[in-house]
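Following this message is one structure expressed as structure tokens.
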Amino acid sequence: MSGRPPGVGRWGWLGLLTLCGLVDGAARLTLPAVLGRSVDALTTHGRAGPLLVTAAGLVAAVVAAELTEIIVTGTVVADRTSRLRRRLVRHILAVGPQGAAKFPTGDLVSRVSVGAADAARAGPAAVDVAVAVLPPVGSVVLLAAIDLWLGVAFLAGVLLVGLVLVTFTRRSTEVLSAYQRVQGEIAGRLAEALAGSRTIAAAGTRRREQRRVIAPLPELHRQGRQTWRMLSRAAAHTALLGPLTQLAVLATAGLALAQGRITAGELFAASQYALLGAGLGGVAAQLAVLARTRAGAARTAEVRAVPPVSYGRRRLSAGPGAVELRDVSARVAGRDVLHPLSLSIPAGGCLAVVGPSGAGKSTLLAIVARLREPETGSVLLDGVPVEQLTSHALRSAVGCAFDRPVLVGTTVSDALGPGLPSDQVRASATATQAHEFVSRLPRGYATPLVEAPLSGGEAQRLGLARAWHAERLLLLDDATSSLDMITEHRVEQALQRGARTRIVVTHRAGTAARADRVLWLDGGRVRGLDSHRNLWSDPQYRAVFT
């Protein structure tokens with residue numbers, strides 16, 4: 001839910017914020033002149049009632065404008081943060097696994113959480129900086145209106161402060177970007193460590209992993225110190241130049257009063273304008289916020305620059321699920337992980353894919369499922385290139401189950417088939433031998449996933465049930481490796497009754513033996529394409545299963 005009231009757009013809020021800033025600045029600039037005239041009126045006529053009432057009204061306007069600015073800024077930032085985060089999450093999911101893999105998981109989380117929050121402040125920060133310049137500029141003009149030399153004295157100090165701020169802004173954006181980059185790197189390493197916490201504990205490498213995760217901390221510390229050093233240097237310069245500027249204005253005003261060029265009230269007004277204009281030093285903090293928003297916007301823009309997966313407009317006509325690969329290849333980091341491969345899988349057939357680790361098995365399945373794009377070639381499902389299918393047509397026809405499935409959703413039922421009828425969800429769980437243990441959960445299919453302790457085999461059965469709804473093609477990436485032999489056999493019997501085409505990555509000789517054909521990969525190349533029985537005579541093939 002967005003916090004934005006109906007009928008008020010982003011530009012409406014920023015317009016209101018700008019108006020509040022202008023009212024605040026105008027009231028502050030008018031107040032010294034009114035108070036100065038009050039001083040002259042009191043010394044000349046002994047009364048200044050209407051002027052003092054005007055001054056009170058100006059103070060009330062300043063208070064009202066500042067309170068409104070606080071409320072509006074909070075509303076704009078909260079609303080914009082929410083929208084940016086939703087947009088980023090949608091985009092990350094739209095780019096698919098291959099696009100998201102360009103960024104470490106923890107870094108992506110950092111960009112969505114911290115980067116989006118920083119970028120959301122861009123509008124209010126820009127307005128704050130622009131409005132903050134109004135009092136110093138107005139003070140120069142009004143001081144010059146009182147006496148030209150007052151304006152000259154003040155302008156000299158303001159120009160020096162402005163030079164300091166320009167230098168600070170230029171360097172702080174670069175440093176803050178580096179700081180956020182290192183933050184993302186640490187977040188990425190921490191996410192990896194949390195995902196592999198069991199392995200770390202079992203291997204006894206906790207201390208080594210701790211050192212790996214926090215290794216970038218010295219760099220983060222260095223960037224942080226550099227940021228604060230620049231900010232403190234800018235603040236120190238402006239803190240020094242501000243009083244010197246005020247002193248110059250007051251000395252010039254005192255001389256002008258002694259020479260009769262200005263009145264006592266104008267002297268008072270000049271002192272207030274000097275104090276107000278010297279507040280330009282406070283712009284340094286606002287510029288730091290603006291620099292942080294620019295760095296956050298740059299980090300979110302990098303994510304949004306990754307193009308989403310594009311889908312076509314074609315749908316599948318009635319067909320059995322025949323698959324054809326035409327010169328499909330893949331490269332990762334400049335290395336060939338799958339050399340050009342062509343083959344056909346008849347509808348309803350089962351192809352087992354075997355080979356040592358790194359042979360290209362999972363890459364092949366990812367290309368068929370269009371979870372990654374091939375370097376060359378194309379995949380056809382019932383004669384239609386998969387990239388020409390609509391997203392709904394492709395995902396309805398093709399289902400994927402993995403060796404370590406990640407179950408998403410609120411409840412077990414959501415994880416198995418979001419939006420599907422309960423009888424269809426139960427049927428898929430029954431076919432994959434998951435119904436029995438799901439029924440024993442505290443609330444059955446309505447059990448929240450966080451309250452459902454699952455063994456590796458149970459998680460795999462739920463992953464199979466989630467993919468079971470596919471209409472034409474099932475891709476199983478070692479998806480039965482944690483099942484016992486009896487359960488695996490029952491699942492395979494259910495698969496055969498479904499009459500869907502299957503491509504199965506496996507390390508089990510029995511599973512390969514029950515397939516129609518076996519694709520033997522090694523180093524991304526085809527070593528053999530035949531029945532398991534015929535390939536078994538090759539000792540190197542037999543070694544794949546040992």
| said: For Phe103, does the six-membered ring have the charged nitrogen or CZ of Arg299 within the cation-pi criterion, i.e. under 6.0 angstrom from the centroid and within 45° of the normal? | reply: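 The answer is no, since Arg299 fails at least one limit relative to Phe103.
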Taken to the nearest 0.5 Å, the spacing of Leu341 CG from Leu338 CG works out to 6.0 Å
Q.
Using a 6.0 Å cut-off, check whether atom CZ of Arg212 has over 12 heavy atoms from anything other than its own residue.
A. yes
Arg525 atom CZ, neighbour heavy-atom count above 12 within 6.0 Å: no
message = Set out, in order, the CA-CA distance, both residues' side-chain angles and the distance that settles side-chain contact (heavy atoms from CB on, under 4.5 Å) for Gln210 and Val213, then state yes or no.
response = CA-CA 5 Å; Gln210 287 175 350; Val213 171; over 6 Å; no
- Do Leu29 and Leu142 have side chains that get closer than 4.5 Å, going by heavy atoms? yes
Query raised in the report: More than 12 heavy atoms of other residues, nucleotides or ligands under 6.0 Å from CZ of Arg121: is that the case?
Result: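 No, CZ of Arg121 has 12 or fewer neighbouring heavy atoms, counting only those of other groups under 6.0 Å.
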message: Between Glu387 (side chain only) and Gly312 (backbone N and O only), is there a donor and an acceptor less than 3.5 Å apart?
response: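 No, Glu387 side chain to Gly312 backbone: no donor-acceptor pair under 3.5 Å.
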Checking Arg466 side chain against Gly417 main chain: does a donor-acceptor pair fall under 3.5 Å?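 Side chain of Arg466 to backbone of Gly417, a donor-acceptor pair under 3.5 Å: no, none is there.
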Go through the steps to decide whether Leu134 and Asp24 satisfy the test side-chain contact (heavy atoms from CB on, under 4.5 Å), and finish with yes or no. CA-CA 10 Å; Leu134 180 61; Asp24 187 9; over 6 Å; no
Check your understanding: Without hydrogens or angle criteria, can the side chains of Thr480 and Gln460 be said to hold a donor-acceptor pair below 3.5 Å?
Key ->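 Thr480 vs Gln460: no donor-acceptor pair found between side chains.
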Tightest non-hydrogen contact, residues Gly463 and Pro405, listed as CA-CB, 4.1 Å
When every non-hydrogen atom of His469 is compared with those of Leu416, the smallest separation belongs to NE2-O, 2.9 Å
- Message: Taking the side chain as everything from C-beta on, heavy atoms only, tell me whether Leu519 gets closer than 4.5 Å to Val354.
- Response: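 SC-SC contact between Leu519 and Val354 ruled out.
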Counting heavy atoms not belonging to Arg304, are there more than 12 under 6.0 Å from its CZ?
no
Of all heavy-atom pairs between Ala470 and Leu474, which one has the smallest distance, and what is that distance?
->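 Scanning both residues completely, I find the closest heavy atoms to be CB-CD2, 4.1 Å.
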Q.
Using side-chain heavy atoms (C-beta onward) and a distance below 4.5 Å, is Pro385 in contact with Val379?
A.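 No - every pair of side-chain heavy atoms lies 4.5 Å or more apart.
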* Asked: Do Leu365 and Cys400 touch side chain to side chain, with heavy atoms closer than 4.5 Å?
  -> no
Review point. Do Phe437 and Arg461 have side chains that get closer than 4.5 Å, going by heavy atoms?
Key: yes
When Val72, Val76, Ile71, Thr68 are each screened for side chain to side chain contact (heavy atoms under 4.5 Å, CB included) with Leu17, the one that passes is Val72
Using a 4.5 Å cut-off on heavy atoms from C-beta on, say whether the side chain of Leu449 contacts that of Thr410.
no
Shortest non-hydrogen pair, Ala116 vs Leu88, comes out as CB-CD1, 4.1 Å
Discussion item. Between Leu441 and Val412, is there a side-chain heavy-atom distance shorter than 4.5 Å?
Written reply: yes
Original post:
Charged N to carboxylate O below 4.0 Å: is that the case for Glu302 and Lys102?
Top reply: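 Salt bridge: no.
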Donor-acceptor contact below 3.5 Å, side chain Ser82 vs main chain Asp79: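 It does not hold such a pair.
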Could you check Arg370 against Leu394 for side-chain contact (heavy atoms from CB on, under 4.5 Å), going step by step and ending with a plain yes or no? CA-CA 9 Å; Arg370 214 183 166 215; Leu394 177 62; 3.9 Å; yes
Looking only at heavy atoms, the pair that brings Ala100 and Leu108 closest together is O-CD1, 3.8 Å
Quick check against the 3.5 Å criterion: does His91 have a side-chain atom that pairs as donor or acceptor with the backbone of Val306?
yes
Open item on the list: If we ignore hydrogens and angles and just use 3.5 Å, is the side chain of Thr300 paired with the main-chain N or O of Ala297 as donor and acceptor?
Closed with: yes
Open item on the list: Would you say that Val544 contacts Trp520 through its side chain, given a criterion of any heavy-atom pair below 4.5 Å between the two side chains?
Closed with: yes
Item checked: Main-chain N/O of Ala393 paired to Ser396 side chain as donor or acceptor, under 3.5 Å ->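 Judged by distance alone, no pair lies under 3.5 Å.
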Problem - Exam field: side chain Thr376 to backbone Asp327, donor-acceptor pair closer than 3.5 Å - result: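 Checked: pair present.
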Can a donor-acceptor pair be found, under 3.5 Å and without considering hydrogens, that links the side chain of Arg85 to the backbone of Val112?
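Looks like yes, one N/O pair under 3.5 Å.
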| said: Using the side chain to side chain contact (heavy atoms under 4.5 Å, CB included) definition, which of the options Ile503, Thr363, Val386 pairs with Val368? | reply: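 For Val368, the side chain to side chain contact (heavy atoms under 4.5 Å, CB included) check succeeds only for Ile503.
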**Study point:** Check: Lys361 side chain, Pro356 main-chain N or O, donor-acceptor pair, under 3.5 Å
**Key:** yes
- Message: Assess the residue pair His339 and Ser329 against the criterion (side-chain contact (heavy atoms from CB on, under 4.5 Å)); give the C-alpha distance rounded to whole Å, side-chain angles, the decisive distance to 0.1 Å, and a yes or no.
- Response: CA-CA 5 Å; His339 293 270; Ser329 67; 5.8 Å; no
- prompt: When you check the side-chain N and O atoms of Asp477 and Ser362, is any donor under 3.5 Å from an acceptor?
  reply: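 A donor-acceptor contact under 3.5 Å links the two side chains.
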All heavy atoms of Ser481 vs all of Asp403, minimum pair found to be OG-CB, 4.1 Å
Between the CD atom in Gln272 and the CG atom in Leu143, the distance rounded to the nearest 0.5 Å is 11.0 Å
